[in-house]
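Throughout, a chain's letter reflects where its sequence line sits, starting with A, and its residues are numbered from 1.
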Amino acid sequence: MPELPEVEEVRRSLEPHVLNVPIAAVRINRPDFITPPTAPLQDLVGRRIVSTFRHGKKLFCIAADDQTLVIHLGMSGRIDCVPSSAPLPAHTHVIFTLASGTDVRLVDPRRFGGLWHYPTSALAKRTELQNLGKDALQLHAADLAHWRKTRGRLKQRLLSQKDVAGLGNIYVDESLWMSQLHPLQRVDRISPESIEKLVAAIHLVLERSINAGGTTLRDYRNVADQPGQFARQLQAYGHGGKPCLRCATLMSETSVAGRTTVFCRICQRRR
DNA sequence: TTAGGCCTGCAC
DNA sequence: GTGCAGGCCTAA
């Protein structure tokens with residue numbers, strides 16, 4: 001489910017609830033949702049989140065006294081901020097009860113997401129960050145210059161999170177359509193001009209989606225249970241078999257890297 | 001590189 | 001019932 005814009009919307013909608021509010025209690029319903037090795041979550045009781053940031057699809061909450069919480073929403077993950085008295089939905093794995101009376105609940109039916117807790121001072125050494133490329137919003141064409149000397153297909157590389165962090169299936173297809181690049185394009189054959197176009201397209205698509213509160217296809221909601229509105233602006237994802245919005249050719253739908261992939265065979269040429 | 005696995009829910 | 005889904009890891 002959540003790619004960069006959705007995680008960013010979750011982060012923004014979460015902050016007003018959690019910043020500088022003491023954590024009164026932590027309840028763990030599913031210990032295996034937390035990735036070991038980890039510091040005891042109970043160490044957070046009595047402490048407060050002082051800042052948050054996002055890198056790619058991961059959400060970082062920095063608490064007082066050298067404690068960091070990393071949340072990954074996976075495919076079906078959600079954070080609910082509700083009064084503690086609200087009914088508990090199924091698949092609620094961890095609950096942080098705040099001194100304000102608000103519950104911050106991690107809900108994830110498919111459990112593809114995860115939670116990490118460790119010292120902030122260990123942040124730089126953590127694989128959760130080390131294996132991530134530059135955040136897609138911070139990406140510059142120069143960051144992809146090394147592609148010239150590497151192998152691989154464009155869509156797979158964009159999905160891998162190692163070159164760029166934050167793009168998933170929706171936003172890769174959108175960015176490729178916008179920059180008129182073929183998903184199976186070899187990365188070592190992309191011109192510098194096309195790399196520039198790609199990076200610009202990634203930024204534009206993500207910024208538009210963030211402004212719309214993200215894409216809700218079915219499940220996605222922010223912490224206030226509001227859906228995103230970007231689905232109506234999608235130009236490639238979900239458009240298989242429909243006319244290309246640029247050239248009216250019927251959009252192709254195939255499988256790339258095991259993911260449904262939509263592109264226009266006429267205006268996304270492969271070189 | 002691809003296929004399968006992890007899970008549940010939903011459309012068909 | 002089958003197949004598919006916004007993620008991501010591994011093993012063949």
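Spacing between C:dG3 and B:dA3 at atom P, rounded to whole Å, works out to 15 Å.
Regarding contacts with the backbone of C:dC8, a side-chain N or O of A:His72 is found under 4.0 angstrom from either OP1 or OP2. Phosphate proximity of B:dT1 to A:Gln156: absent, as no side-chain N or O sits under 4.0 Å from OP1 or OP2. For A:Ser160, no side-chain nitrogen or oxygen approaches OP1 or OP2 of C:dC8 to under 4.0 Å.
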Given protein heavy atoms under 4.0 Å, the one-letter contact record of nucleotides 7-12 of chain B, with B base, S sugar-phosphate only and - none, is simply BBSS--

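A salt bridge does not link A:Asp225 with A:Arg78: none of the charged nitrogens is closer than 4.0 Å to a carboxylate oxygen. Of the charged side-chain nitrogens involved, none lies within less than 4.0 Å of a carboxylate oxygen, so that A:Arg12 and A:Glu9 do not count as a salt-bridged pair. We find that A:Asp80 and A:Arg221 are not joined by a salt bridge, their nearest charged nitrogen and carboxylate oxygen being 4.0 Å or further apart. With respect to A:Asp188 and A:Arg148, no salt bridge is recorded, no charged nitrogen being found less than 4.0 Å from a carboxylate O.
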Which nucleotides of DNA chain C pair, in dot-bracket form (Watson-Crick or G-U under 3.5 Å, | meaning another strand):
|||||.||||||

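When hydrophobic residues (I, L, V, M, F, W, Y) are linked wherever their side-chain heavy atoms come within less than 4.5 Å, the members clustered with A:Val256 are A:Leu184.
Both tests pass for A:Arg126 against the ring of A:Tyr118: distance under 6.0 Å to the centre and angle within 45° of the axis. In this structure, A:Arg246 is positioned above the aromatic face of A:Trp177, its NZ or CZ under 6.0 Å from the six-membered ring centre and within 45° of the axis.
Between A:Gln161 and A:Gly258, the residue anchored closer to the 5' end of DNA chain C is A:Gly258, taking for each the nucleotide with the nearest heavy atom.
Ring geometry, A:His72 versus A:Trp116: the interplanar angle falls from 30° to 60°, so the pair is classed tilted.
Counting any heavy atom pair closer than 4.0 Å across all strands shown, A:Tyr171 reaches no nucleic acid atom.
You'll find that the side chain of A:Lys57 is closest to C:dG7, out of B:dT1, C:dG7, C:dA5.
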